[in-house]
Amino acid sequence: MAKSANRIDAYDKVLLRRLQDHGRASNVELAEAANLSESACFRRVRALEDAGVITGYAATVDPQAIGLGLTVYVSITLASQAQDVLAAFEEAVAKAPEIVECHLMTGQADYIIRVVAADVEDLERLHAKVLTRLPGVARLNSSIALRSVVRRNALPIR
């Protein structure tokens, strides 16, 4: 049974906020934070997972620590917005591990992607071997991030 946004109550919100801040929190810690019994907490977290509200758990890795210190945002305009062109582009993007985000956009660009690279030389390789070879691409416009000011994985759950 799917939970809609209006079915998520105050207990669920406490659990979601805590899991966003500390994904490795134990069921005991979660139950204490939400003022629930351990069994009720376990059932709620499982229900949130089953409903697709919680989509997974992951470690947050510092890109610089693993040699991926360059973050680049690329605006992409396709030659056509035909459904088969969009589908082929999206399928190819999903296969490129350097592309860590991709968003279909309104406005001038059709997509904005975020890529990570080791350095400018790696970005040049990525541009020549991956980005320009994506199906349907008519134009690319890249912007290199100088530094991250705010970077959050957590959503503002109220």
Side-chain angles (χ1 to χ4, degrees), residues 1-78 80-117 126 130-131 134-137 140-143 145 147-158:
M1 178 170 140
K3 278 190 177 248
S4 65
N6 59 356
R7 297 246 183 196
I8 296 174
D9 64 17
Y11 293 109
D12 292 334
K13 290 177 182 181
V14 169
L15 295 172
L16 291 170
R17 281 192 295 268
R18 180 70 176 128
L19 284 169
Q20 284 189 138
D21 291 340
H22 186 61
R24 292 178 56 153
S26 69
N27 188 58
V28 172
E29 293 170 317
L30 293 171
E32 286 176 9
N35 199 26
L36 291 167
S37 70
E38 291 176 34
S39 59
C41 178
F42 182 81
R43 282 193 303 273
R44 281 177 174 272
V45 171
R46 182 58 49 94
L48 290 165
E49 292 169 347
D50 291 345
V53 176
I54 296 174
T55 59
Y57 299 88
T60 302
V61 178
D62 179 358
Q64 288 190 322
I66 60 168
L68 296 172
L70 196 64
T71 298
V72 182
Y73 294 88
V74 184
S75 301
I76 298 176
T77 303
L78 301 181
S80 164
Q81 285 76 37
Q83 194 57 42
D84 60 330
V85 175
L86 297 175
F89 175 83
E90 291 176 10
E91 184 178 328
V93 163
K95 293 178 182 174
E98 302 93 343
I99 299 172
V100 294
E101 285 184 56
C102 176
H103 304 277
L104 179 62
M105 303 298 292
T106 62
Q108 289 185 323
D110 294 311
Y111 290 90
I112 291 183
I113 62 173
R114 181 170 65 95
V115 300
V116 291
L126 178 62
V130 177
L131 300 178
L134 292 169
V137 170
L140 300 170
N141 184 9
S142 300
S143 297
R147 73 180 152 97
S148 293
V149 177
V150 174
R151 187 168 179 213
R152 295 183 183 100
N153 291 330
L155 299 173
I157 299 171
R158 294 179 169 87

For Arg44 and Asp9, run salt bridge (Lys or Arg N to Asp or Glu O under 4.0 Å): C-alpha distance rounded to whole Å, both residues' side-chain angles, the deciding distance at 0.1 Å, then the answer.
CA-CA 10 Å; Arg44 281 177 174 272; Asp9 64 17; 2.9 Å; yes
Apply the test side chain to side chain contact (heavy atoms under 4.5 Å, CB included) to residues Leu126 and Val115: give CA-CA distance (whole Å), side-chain angles for both, the deciding distance (0.1 Å), then the verdict.
CA-CA 9 Å; Leu126 178 62; Val115 300; 3.8 Å; yes
Is there a side chain to side chain contact (heavy atoms under 4.5 Å, CB included) between Asn141 and Val74? Walk through the geometry before answering.
CA-CA 5 Å; Asn141 184 9; Val74 184; over 6 Å; no
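When only modelled atom types and interatomic distance are considered, Gln81 and Asp110 share a side-chain donor-acceptor pair under 3.5 Å.
Between Leu70 and Val116, the closest side-chain pair of non-hydrogen atoms is not below 4.5 Å. For the pair Val28 and Glu38, the minimum side-chain heavy-atom distance is below 4.5 Å. With contacts defined as side-chain heavy-atom distances shorter than 4.5 Å, the pair Val45/Leu15 qualifies. Residues Ile66 and Val61 form a side-chain contact, since some pair of their non-hydrogen atoms from C-beta on lies under 4.5 Å apart. Residues Ile99 and Leu131 form a side-chain contact, since some pair of their non-hydrogen atoms from C-beta on lies under 4.5 Å apart.
Interatomic distance, Leu19 CG to Leu30 CG, rounded to the nearest 0.5 Å: 4.5 Å. For the atom pair CZ of Arg17 and CZ of Arg158, the computed distance is 10.0 Å after rounding to the nearest 0.5 Å. Asn153 contributes atom CG, which lies 11.0 Å from atom CG of Asp21 (distance to the nearest 0.5 angstrom). Distance check, rounded to the nearest 0.5 Å: CD of Glu49 to CZ of Arg46 gives 5.5 Å. To the nearest 0.5 Å, atoms CD1 (Ile157) and NZ (Lys13) are separated by 8.5 Å. Rounded to the nearest 0.5 angstrom, Arg43 CZ and Leu48 CG are separated by 13.0 Å.
Taking every heavy atom of both residues into account, Val93 and Cys102 meet most closely at CG1-CB, 3.7 Å. When all heavy atoms are compared, the tightest approach of Gly69 to Gln64 is CA-CG, 3.7 Å. Heavy-atom minimum distance, Pro135 versus Leu78: O-CD2, 4.1 Å. Heavy-atom minimum distance, Leu134 versus Ala92: CD2-CB, 3.8 Å. The minimum heavy-atom distance between Val14 and Ala33, with the atom names listed, is CG1-O, 3.4 Å. Among all heavy-atom pairs drawn from Tyr11 and Asn35, the shortest one is CE2-O, 4.2 Å.
Sorted by first and then second residue, the pairs that involve residues 90-113 and meet ring pair (Phe, Tyr, Trp, His ring centres under 6.0 Å), not counting sequence neighbours, are Phe89-Tyr111. Every pair tested for side-chain hydrogen bond (donor to acceptor under 3.5 Å, both in side chains) that includes a residue from residues 66-76 fails, sequence neighbours excluded, so the list is empty.
Here Arg151 does not pair with Asp62 in a salt bridge; the nearest charged N to carboxylate O distance is not below 4.0 Å.
In terms of modelled atom types and a separation under 3.5 Å, the side chain of Ser80 and the main chain of Ala82 share a donor-acceptor contact. With hydrogens and angles ignored, the 3.5 Å screen pairs a side-chain donor or acceptor of Glu29 with a backbone N or O of Ser26.
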